[in-house]
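Chain letters run A, B, ... following the sequence lines, proteins first and then strands; every chain starts at 1. Below, each value reflects all heavy atoms present in this structure, side chains not excepted, and no hydrogens, waters or symmetry copies.
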Amino acid sequence: MTNHEVLPLLGQVADSVSQAIAHARPELAGADPLVRRSEHADFQSNAALALAKRARTRPTELADALIAAVAGDRGPITRVDMSGPGFLNITVPDQLIWNQLAARLASLRLGVGTPNEGQRTVIDYSAPNIAKEMHVGHLRTTIIGDSLARVLGFLGAEVIRQNHLGDWGTQFGMLIQYLDEHPEATWHHDELEPGTSAASALDDLYRTARALFDADPEFADRSRRRVVALQSGDHDTVTRWREIVAESERAFRDIYDRLGVLLTPDDSVGESFYNHLLADVVTELTEAGIAVGSEGALVIFSEEVTGPDGNPIPLMVRKRDGGYGYDTTDLATIRYRIHDLKSNRLLYVTDSRQALHFQLIFEAARRAGWLTDNVEAAHVPYGTVLGPDGRPFKTRAGGTVRLMDLLDDSVARARAVVHEKDPDLPAEELDQIAEQAGIGAVKYADLSNSRIKDYTFDVDRMVSFNGNTGVYLQYAHTRIRSILRKAGDPHVVIDPTIELQPAERALALQLDAYDTALTEVGETLEPHKLCGYLYDLARAFTSFYEACHVLNAEEPVRGNRLALCQLTARTLRHGLNLLGISAPDRM
RNA sequence: GCCUCCGUAGCUCAGUGGAUAGAGCGAGGGACUUCUAAUCCCGAGGUCGCAGGUUCGAAUCCUGCCGGGGGCACCA
C-alpha cells in the first residue's frame with residue numbers, strides 16, 4: 001500500500017482537452033475545457049459551444065478542430081465524437097479505467113490527494129453551554145463541524161478544533177451561590193441516577209436559582225456579589241466554577257462519545273479563556289480609533305451595514321455598565337486564532353441567524369489589521385431543525401428537545417425496524433446494530449440536506465432502509481462485505497485487458513470520482529455533496545450487483561469484479577467515516 | 001425600511017450555464033430454487049413562485065415583483 005495520489009480520469013481528460021484547445025486555437029489557451037461526466041459517453045466537453053464566439057467560428061467547426069487536435073495527442077482519450085450542436089462525447093479506454101482502480105486499491109488513501117495542505121484551519125463548532133443540557137440546537141453544529149474537520153484533515157489541512165464552550169457569564173453567580181446555600185443538592189455525576197447527567201441536574205438547579213433570584217432580592221444581592229467574586233478570581237468560587245465546568249464537560253463527553261465526534265477536552269477553549277485578553281483587545285481597538293464611545297458604551301460602528309433607523313450597526317465592545325459581552329469575546333477570539341494559533345483559515349459553524357454578527361466581527365478584524373488577505377475567515381451557516389409541523393423542533397409540550405432523548409428515540413426506532421426485519425437476532429447484537437443504525441441515521445439525515453436550508457426532522461424517514469439514508473449506505477456496505485467474506489477476502493489482482501460491462505464501467509467511473517467529490521466538499525464546505533456521492537455510488541453498485549454476478553463469474557472476470565467490490569466497500573466505509581458514521585460489517 | 005436565505009413532482013429533497021430537469025417516500029404493476037428481497041425492475045406524476053433581461057443555450061446568471069423564514073445596540 002502506498003499513499004500515491006491518483007489523478008482522477010476527469011482531470012486527465014480535462015488536461016487533454018485543454019491541450020487540444022491550446023493547440024487548435026492558441027489564443028484560447030487557458031480556457032476552461034468544461035469537462036463533465038456524461039450520460040452519452042464517459043465524459044463530455046462543452047468547450048466548443050462555450051468558446052465558439054471567442055474563436056469567431058461556429059461551434060461545430062471548433063469541435064471538429066478540437067477532435068483533430070485530440071487525435072494527435074497521446075492522452076487518455078480513446079474516442080471523441082461530436083454530437084448535437086457541438087458537444088464532444090469522450091470515451092476513455094477500458095484498460096485505463098482498470099488501471100485507475102488498481103492504483104486506488106493499492107493506495108491507503110484511495111489515491112486521494114491533499115489539496116488543502118498548508119492550510120492551518122480552525123473549526124469552531126458544537127459550543128454547548130456549561131451547566132446546561134445539550135439540546136437539538138447543538139445537533140447541526142456538532143455533526144457538520146465534525147464532518148468538516150474530518151474531510152479537511154484528510155485533504156491535508158492541519159485542523160485545529162475549537163469547542164467554544166459557554167462557560168462564563170453572570171448566570172454562574174446565581175448558580176454557585178445557590179449551590180453554596182444548598183449543599184444537599186445533588187448534581188455530581190457520581191451521585192445521580194443512571195440516565196441523568198450533571199448538565200441536566202445543573203440545568204434544573206439553575207432554573208431554581210433563577211426563580212429565587214427573581215423572587216428574593218437578598219439572594220439576588222448575594223448572587224451579584226458572587227459574580228464579582230468569580231470575576232476577581234476568589235479561590236473558593238473559582239474552585240466551585242471549575243467543578244461545574246468539569247462535571248458539565250463529562251456530560252458533554254457522553255454525548256460526543258455516543259455521536260462518535262472527534263471533540264475531546266483538549267479542544268475545549270471556552271469563553272472564559274479569553275477573559276485575560278479582553279482589556280488588551282479593547283485598548284487596541286480604541287487606540288486605533290476603531291472602537292468609539294456611544295451612549296456610554298464603547299462600540300465599533302460598521303462601515304458596511306446599517307440598521308432600521310438608517311444608522312450604522314454597532315458591535316458592543318464594552319457595555320455601558322463596563323461589562324463585556326459576546327461581541328468582545330468574539331473579537332478576542334478571532335485575534336487569538338490568527339495571531340496565536342497562526343491559523344490561515346477560520347471556520348465558524350453556527351446557526352445562519354448569526355450571519356450578521358460574523359459579518360461585523362470579520363469587518364472589525366479586517367479594520368484592526370488582524371484579518372488580512374492571507375487569512376480566510378468564513379461563517380459556515382446552517383438552517384434550523386424543524387419539527388413535523390414545519391416549526392422549529394420542540395417537544396409536544398413545547399419544550400426544548402434534549403439531544404440525548406433525540407438520540408434515544410432514533411435508536412429505539414431503528415431497533416424496532418431491525419427487529420421487525422430479523423426477529424431472530426440476539427438481543428445483544430440487535431442493540432449494537434440499532435445503536436449504529438440509529439446514530440448514523442440522525443447524522444446522515446442532518447448532513448445529507450443542504451447545509452443552509454432548514455430541514456424537517458423525521459425519525460421514521462431517516463431510519464428507513466430505502467432512499468438516501470445512512471442506513472441504506474450502511475446496508476450496502478454490509479452486503480458487499482458479505483460477498484468479500486464469501487470469497488475469502490482475497491488479495492485481488494486486476495487484469496486490465498478485460499472488457500468492461502456497462503454496469504462495471506458506470507461503477508468504476510463513480511469510484512474514480514471520489515477524489516473530485518471530496519475536493520468539492522473541501523471547497524464548498526457542504527458535506528451533503530459527499531452524501532450525494534456515496535448514495536450514487538451505492539446505487540451504481542446495486543446496478544452492478546444486479547447485472548454482474550461476482551462469485552459465480554469465471555476468472556479473470558471474477559477477480560476484477562471482486563476488485564470492484566473491494567474498492568466500493570472501502571470507498572463507502574471511508575466516506576461514511578468522513579461523515580462520522582460507522583460502517584459495520586454485518587447488519 | 002434595509003440586509004440575508006429559501007421557493008423544483010402530492011410529500012421530503014438533489015441538481016448553480018449545456019442534450020428528454022433527477023432521487024426517495026406515497027399511489028400502480030412486476031421480480032425471491034440466484035453473492036443479505038433490509039433489495040431490485042417497470043410505468044405514472046413537473047407553467048423549476050411570477051415577469052422581464054443576458055446568452056447559440058437559463059431551474060442555474062442579472063433586474064423587478066409575489067410568497068415564506070431569519071437578522072438589524074448593551075442576550076449569546
Side-chain donor-acceptor pair present, [X], [Y], cut-off under 3.5 Å:
| X | Y | result |
| --- | --- | --- |
| A:Ser83 | A:His40 | no |
| A:Thr329 | A:Glu271 | no |
| A:Tyr326 | A:Gln354 | yes |
| A:Asp42 | A:Thr91 | no |

task: For A:Tyr535 and B:rA23, say yes or no: do the ring centres fall under 5.5 Å of each other while the ring planes differ by less than 30°?
output: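 Ring-base stacking flag not set for A:Tyr535 and B:rA23.
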
message: Is A:His549 stacked against the base of B:rU34, taking the criterion as centroid distance under 5.5 angstrom and interplanar angle under 30°?
response: no

To the side chain of [X], which of [options] is closest?
| X | options | answer |
| --- | --- | --- |
| A:Pro308 | B:rA14, B:rC6, B:rG1 | B:rG1 |
| A:Ser482 | B:rC13, B:rC35, B:rC56 | B:rC35 |
| A:Val299 | B:rC11, B:rA73, B:rU36 | B:rA73 |
| A:Arg353 | B:rA23, B:rG71, B:rA73 | B:rG71 |
| A:Arg461 | B:rC35, B:rU12, B:rG18 | B:rU12 |
| A:Asn89 | B:rC40, B:rA38, B:rA19 | B:rA19 |
| A:Ser450 | B:rA73, B:rU20, B:rA14 | B:rA14 |
| A:Val550 | B:rU36, B:rC35, B:rG24 | B:rC35 |
| A:Ile313 | B:rG15, B:rC72, B:rU36 | B:rC72 |

task: Using a strict 4.0 Å threshold on nitrogen-to-oxygen distance, state whether A:Lys319 and A:Asp327 make a salt bridge.
output: no

Identify whether any heavy atom of [X] sits under 4.0 Å from a base atom; if not, whether one sits that close to sugar-phosphate; answer base, sugar-phosphate or nothing.
| X | value |
| --- | --- |
| A:Asp330 | nothing |
| A:His357 | nothing |
| A:Gln44 | base |
| A:Ser448 | nothing |
| A:Gly307 | base |
| A:Leu49 | base |
| A:Gly166 | nothing |
| A:Glu271 | sugar-phosphate |
| A:Lys529 | sugar-phosphate |

message: Quick check with a 6.0 Å cut-off and a 45 degree axis cone: is A:Arg318 positioned over the face of A:Tyr324's six-membered ring?
response: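 Cation-pi check for A:Arg318 and A:Tyr324: fails.
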
Would you measure the distance from the [atom1] atom in [N] across to the matching atom in [M] and give it in whole Å?
| N | M | atom1 | result |
| --- | --- | --- | --- |
| B:rG45 | B:rU33 | C1' | 37 Å |
| B:rA59 | B:rG18 | C1' | 13 Å |
| B:rC74 | B:rG67 | C1' | 35 Å |
| B:rA23 | B:rA9 | C1' | 11 Å |
| B:rU55 | B:rA31 | C1' | 48 Å |
| B:rG10 | B:rG26 | C1' | 8 Å |
| B:rC25 | B:rC62 | C1' | 37 Å |
| B:rG52 | B:rA58 | P | 14 Å |

message: Looking at A:Arg58, I want to see if its CZ is surrounded by more than 12 non-hydrogen atoms of other residues, nucleotides or ligands under 6.0 Å.
response: no

message: Tell me whether A:Glu428 at atom CD has more than 12 heavy atoms from other residues, nucleotides or ligands lying less than 6.0 Å away.
response: no

Take the protein atom [atom1] of [X] and the nucleotide atom [atom2] of [N], then report the distance between them rounded to whole Å.
| X | N | atom1 | atom2 | result |
| --- | --- | --- | --- | --- |
| A:Asn468 | B:rG15 | CG | C1' | 13 Å |
| A:Asp351 | B:rC75 | CG | C1' | 15 Å |
| A:Met316 | B:rC75 | CE | P | 8 Å |
| A:Leu34 | B:rG57 | CG | C1' | 13 Å |
| A:Arg451 | B:rG70 | CZ | P | 20 Å |
| A:Gln436 | B:rA38 | CD | C1' | 15 Å |

- request: Select from A:Asn449 and A:Glu546 the residue whose nearest nucleotide in RNA chain B is closer to the 5' end of that strand.
  value: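 The 5'-side residue here is A:Asn449.
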
- prompt: If you pin A:Ile433 and A:Trp168 to their nearest nucleotides in RNA chain B, which one's is more 5'?
  reply: A:Ile433

query: Would A:Tyr382 and A:Tyr455 count as a close aromatic pair, with their ring centres under 6.0 Å?
result: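 Not under 6.0 Å, so no.
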
Considering every strand shown, what is the Watson-Crick or G-U wobble mate of [N] when both distances are under 3.5 Å?
| N | value |
| --- | --- |
| B:rG64 | B:rC50 |
| B:rC72 | B:rG1 |
| B:rC35 | none |
| B:rA27 | none |
| B:rG17 | none |

- request: Please lay out, stage by stage, how A:Trp241 and A:Val245 fare under the test side chain to side chain contact (heavy atoms under 4.5 Å, CB included).
  value: CA-CA 6 Å; A:Trp241 170 77; A:Val245 171; 3.7 Å; yes

- request: Start with the C-alpha gap between A:Leu447 and A:His528, add the side-chain angles, then the distance that decides, and say whether side chain to side chain contact (heavy atoms under 4.5 Å, CB included) holds.
  value: CA-CA 5 Å; A:Leu447 292 164; A:His528 83 277; over 6 Å; no

So, OP1 or OP2 of [N]: does either fall under 4.0 Å of a side-chain N or O from [X]?
| X | N | value |
| --- | --- | --- |
| A:Thr456 | B:rC13 | yes |
| A:Tyr382 | B:rG69 | no |
| A:Lys486 | B:rU36 | yes |

Dump the pairs, protein N or O against N or O of nucleotides 7-9 of chain B, anything under 3.5 Å, distances to one decimal.
from  : atom 1 : to       : atom 2 : distance (Å)
B:rG7 : OP1    : A:Lys453 : NZ     : 3.0

